[in-house]
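Proteins get letters first, then strands, A, B, ... in listed order; numbering begins at 1 in each.
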Amino acid sequence: MSNVTKPSNFIQQIIAADIDAGRVSTVVTRFPPEPNGYLHIGHAKSICVNFGLAEANGGQCNLRFDDTNPDTESDEFVKAIIQDVKWLGFQWGGEVRFASDYFAQLYAWAGHLVEQGKAFVCELDAETLREYRGTLTAGGKNSPYRDRPANENLVLLEHMKNGEIDEGLMTLRAKIDMQSPNINLRDPVLYRIKKQAHHRTGTQWNIYPSYDFAHGQEDAIEGVTHSVCTLEFAANRPLYNWFIDNLPVPSTPRQYEFGRLNVNYMVTSKRKLRALIEGGWVEGWDDPRMPTLSGMRRRGITAQALRNFCDSLAVAKTDGVVDVSQLEYFVRDDLNVRAQRAMCVLKPLKVILTNFADSETEILSVAGHPSLEHFKTRELPFTRELYIDRDDFSEDTTLSRKKFKRLVLGDYVRLRSAYVIRADHVKRNTAGDITEIRASIVPGTVGEDPPHGIKARGVIHWVSAAHARDCRVLRYDRLFTEPLPEAGVEPFTHHINPQSLEVIDGCKAEPSLGQAQVGEHYQFEREGYYCLDSRANKEGGLIFICTIGLRDTWQKSKT
RNA sequence: UGGGGCGUCGCCAAGUGGUUAAGGCAACGGGUUUUGAUCCCGUCAUUCGGAGGUUCGACUCCUCCCGCCCCAGCCA
């Protein structure tokens with residue numbers, strides 16, 4: 001497995017400089033998800049960056065839920081997110097934290113701003129407020145409520161909090177600058193009325209702080225030193241700093257932004273992931289085609305592979321699109337060293353070995369991994385009737401040995417870990433389809449080269465017909481047909497790949513796979529990496545999910 | 001047309017005035033191999049969005065231009 005050396009990055013350089021200059025002693029970062037959806041691969045990068053920065057500098061990273069909007073948030077998401085962060089293998093500092101833990105403090109600070117004449121209760125409705133805000137190129141207008149006396153504001157704010165004011169009638173706004181070229185500074189909303197029960201505070205609050213009013217102060221409360229977020233928050237930074245500068249906060253966190261992770265053939269916006277579920281395009285948040293951590297976990301992608309992938313990415317300010325092949329590389333790289341080898345025939349074609357006794361079962365002892373000794377060996381029964389894959393046989397005797405390294409009529413092939421055999425003739429049904437191959441073994445070729453003059457074209461996998469375990473295989477293709485499904489004018493759902501799921505029944509697995517365990521990874525030799533479907537129950541039979549196929553340079557050159 | 005940010009190989013990127021312009025993915029050659037896998041070796045930017053300028057010397061500094069992204073939720 002490759003050792004991933006994290007590239008240095010501009011945030012680490014800032015941290016190093018801050019430590020050198022004595023501006024910070026202990027580095028504190030935080031991962032601040034909103035519990036309104038499941039974590040996806042983009043979050044994985046953010047998690048790796050935030051926890052990684054803390055770890056690299058001997059500090060700590062907090063897990064804090066930014067639960068300031070009860071409309072869309074729920075405990076289900078909190079639980080799923082905690083599970084996902086744990087699964088990735090990170091340990092946060094202290095207890096799990098919540099923005100809602102700080103609602104009282106935030107409210108007190110809002111009062112402080114009011115007293116200082118830096119915030120006011122505004123009665124403009126949403127639409128009028130938008131008009132007053134101005135445009136990108138023209139400044140805005142002051143609210144007519146802007147100069148309301150502080151004591152009046154205080155009373156009104158209390159009314160808002162107590163639920164005495166209807167939703168939408170009032171907001172608490174900061175008094176900054178309606179002419180600012182930065183729209184975020186045009187008297188932003190600090191509190192809005194929401195008579196919506198919160199998953200943690202219940203009906204205690206009728207007003208909820210906005211992201212801007214909450215985030216920096218949460219950081220300050222927790223002593224976060226470096227508040228790392230994605231690029232789209234860069235324009236919010238002046239506002240972040242304005243609150244820190246104008247409030248008696250216990251520390252002075254600083255915000256830094258880096259480019260969010262995009263991967264081609266994927267979408268990573270919670271809105272769109274939800275649309276995929278609600279539109280029935282996938283089966284849920286943990287569908288193996290989803291870029292969610294739960295989906296990738298069910299797919300068989302390991303936490304280590306994901307972390308290696310994230311660590312291979314730079315933390316920079318460019319917003320690029322990483323090729324999915326880079327992820328796939330790390331998935332294979334990790335699975336190669338942790339997957340037990342096994343054989344499973346996906347498209348079975350019967351082979352009868354005419355010179356092998358019908359009554360005999362030869363038990364072959366086979367390594368669990370070609371080069372790593374700690375994998376336990378397994379026992380493979382070899383019998384007269386076997387299955388090989390239909391794609392591994394051809395009647396076309398003109399096929400060159402270089403072009404087709406499999407079984408050809410009249411020629412030899414090595415059965416993986418077993419005998420060299422020769423295909424003698426085929427049997428067909430009335431439709432003309434091949435139903436069975438009659439073949440013969442070359443005696444003494446288990447673990448030995450065949451005699452001079454006999455040369456196997458290649459190595460193919462097989463399984464004893466009498467001992468095979470029937471199973472179902474779920475194979476996935478990319479969910480989208482376009483590398484950038486969100487790029488065009490048409491909705492991204494127009495680019496959904498209708499063949500993203502392939503269900504293959506009647507596959508024949510070697511007997512050892514009957515003992516397959518959820519959480520274990522297997523390489524079906526010459527096919528790919530597979531795992532048991534964690535959602536399937538035992539009554540449904542054996543169901544394997546294909547995490548990813550083996551790298552196949554031959555298929556590529558063929559097309 | 002306001003403000004903020006970004007443009008280095010097909011993709012991700014290092015580079016912070018003097019390096020032969022790192023590295024990874026992809027691709028393409030070759031070797032090993034009882035997985036067309038893995039592994040190993042090799043090839044892959046005379047050039048850094050463009051044009052000028054400063055300098056003995058520029059991817060790095062200056063000017064202008066071009067392109068892309070973000071901000072006008074009582075979302076985060």
Side-chain angles (χ1 to χ4, degrees), chain A residues 2 4-5 7-9 13 32-34 36 66 68-69 71-72 122 124-126 129-131 133-140 167-173 180-186 188-194 207-208 210-212 214-215 229-238 257 259 261 264 270-271 309 312-314 316-330 332-333 336-337 341 343 369-371 402 404-406 414-418 420 445-449 456 458-461 483 523-528 549-558:
Chain A
S2 62
V4 182
T5 357
S8 172
N9 65 70
Q13 288 169 14
E34 184 189 13
N36 67 345
D66 225 346
T68 57
N69 183 359
D71 291 347
T72 56
C122 182
L124 256 24
D125 62 71
L129 177 53
R130 191 183 322 126
E131 285 163 12
R133 187 152 33 225
T135 67
L136 292 178
T137 52
E167 275 188 34
L169 292 187
M170 291 182 187
T171 56
L172 182 72
R173 294 219 271 156
S180 173
N182 181 342
I183 292 184
N184 295 292
L185 261 20
R186 316 238 261 235
V189 170
L190 272 43
Y191 269 99
R192 68 286 212 208
I193 299 168
K194 278 183 189 293
I207 58 174
Y208 292 91
S210 63
Y211 164 82
D212 287 304
H215 205 93
C229 62
T230 43
L231 246 28
E232 67 269 27
F233 291 99
N236 299 57
R237 186 176 356 109
E257 312 89 23
L261 168 63
N264 57 20
K270 281 186 258 190
R271 211 207 100 245
F309 170 66
S312 80
L313 304 168
K317 303 190 86 160
T318 43
D319 36 17
V321 182
V322 176
D323 198 293
V324 67
S325 69
Q326 188 153 342
L327 202 215
E328 292 172 342
Y329 168 82
F330 285 102
R332 292 192 181 101
D333 184 52
N336 180 44
V337 295
R341 305 293 125 123
M343 291 193 281
H369 192 282
S371 54
K402 188 150 170 68
F404 195 78
K405 301 163 85 163
R406 308 178 181 194
R414 159 78 67 182
L415 293 179
R416 174 70 167 159
S417 304
V420 170
T445 50
V446 176
E448 301 291 337
D449 285 336
V459 181
I460 65 173
H461 55 105
Q523 185 199 92
F524 292 179
E525 289 190 286
R526 301 209 315 127
E527 290 288 353
L550 250 28
R551 187 162 167 268
D552 190 351
T553 48
W554 177 71
Q555 279 291 344
K556 279 179 198 163
S557 62
K558 223 172 48 164

- Message: I want to confirm an ordering. Mapping Leu415(A) and Asp323(A) to their closest nucleotides on RNA chain B, which one lands closer to the 5' end?
- Response: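 Nearest-nucleotide comparison on RNA chain B picks Asp323(A).
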
Which nucleotide in the list [options] gets nearest to the side chain of [X]?
| X | options | result |
| --- | --- | --- |
| Thr553(A) | rG36(B), rC25(B), rU35(B) | rG36(B) |
| Lys317(A) | rG5(B), rA76(B), rU35(B) | rG5(B) |
| Pro370(A) | rA37(B), rA76(B), rG36(B) | rA37(B) |
| Thr135(A) | rA72(B), rU35(B), rA27(B) | rA72(B) |
| Phe330(A) | rA14(B), rG24(B), rU38(B) | rG24(B) |
| Asp66(A) | rU38(B), rA76(B), rG3(B) | rA76(B) |

Taking pairing as Watson-Crick or G-U wobble with both contacts under 3.5 Å, can you name the mate of [N], or confirm there isn't one?
| N | result |
| --- | --- |
| rU47(B) | none |
| rG18(B) | rC56(B) |
| rA72(B) | none |
| rG29(B) | rC41(B) |
| rG67(B) | rC6(B) |
| rU34(B) | none |

For [N], does either OP1 or OP2 sit under 4.0 Å from a side-chain N or O belonging to [X]?
| X | N | value |
| --- | --- | --- |
| Gln13(A) | rA14(B) | no |
| Thr68(A) | rA76(B) | yes |
| Lys270(A) | rC75(B) | no |
| Arg414(A) | rU35(B) | no |
| Thr318(A) | rA13(B) | yes |
| Arg133(A) | rG73(B) | yes |
| Arg192(A) | rA76(B) | yes |

[X] [atom1] - [N] [atom2] separation (whole Å):
| X | N | atom1 | atom2 | answer |
| --- | --- | --- | --- | --- |
| Asn9(A) | rU16(B) | CG | C1' | 15 Å |
| Glu34(A) | rC75(B) | CD | P | 10 Å |
| Arg332(A) | rU38(B) | CZ | P | 8 Å |
| Arg237(A) | rC70(B) | CZ | C1' | 12 Å |

Mind checking if [X] touches a base, just sugar-phosphate, or nothing, with heavy atoms under 4.0 Å?
| X | result |
| --- | --- |
| Asp212(A) | nothing |
| Arg130(A) | sugar-phosphate |
| Leu124(A) | base |
| Asp449(A) | nothing |
| Thr445(A) | base |
| Gln523(A) | base |
| Glu131(A) | nothing |
| Phe233(A) | base |
| Ser325(A) | sugar-phosphate |
| Arg173(A) | nothing |
| Glu167(A) | nothing |
| Lys405(A) | base |
| Val446(A) | base |
| Gly447(A) | base |

- Message: Checking understanding here: a glycosidic angle within 90° of 0 is syn, the rest anti, so what is rG73(B)?
- Response: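 Glycosidic conformation of rG73(B): syn.
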
Can you find an N or O donor on one side and an acceptor on the other, under 3.5 Å apart, linking the side chain of [X] with the base of [N]?
| X | N | value |
| --- | --- | --- |
| Glu527(A) | rU35(B) | no |
| Arg341(A) | rU35(B) | yes |
| Arg406(A) | rG36(B) | yes |

- Item | For the student: nearest non-hydrogen atoms of Glu257(A) and Phe233(A), plus distance |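 Minimum heavy-atom separation between Glu257(A) and Phe233(A): CG-C, 4.3 Å.
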
- Looking only at atom C1', what distance separates rC48(B) and rA21(B), rounded to whole Å?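 Looking at atom C1' only, rC48(B) and rA21(B) are 8 Å apart.
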
- If the C1' atom of rU8(B) is compared with that of rU46(B), how far apart are they to the nearest Å?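 Here rU8(B) and rU46(B) have their C1' atoms 15 Å from each other.
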
- Message: Looking at rA76(B) and Tyr211(A): do their rings stack (centroid distance under 5.5 Å, interplanar angle under 30°)?
- Response: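 No, Tyr211(A) does not stack on the base of rA76(B).
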
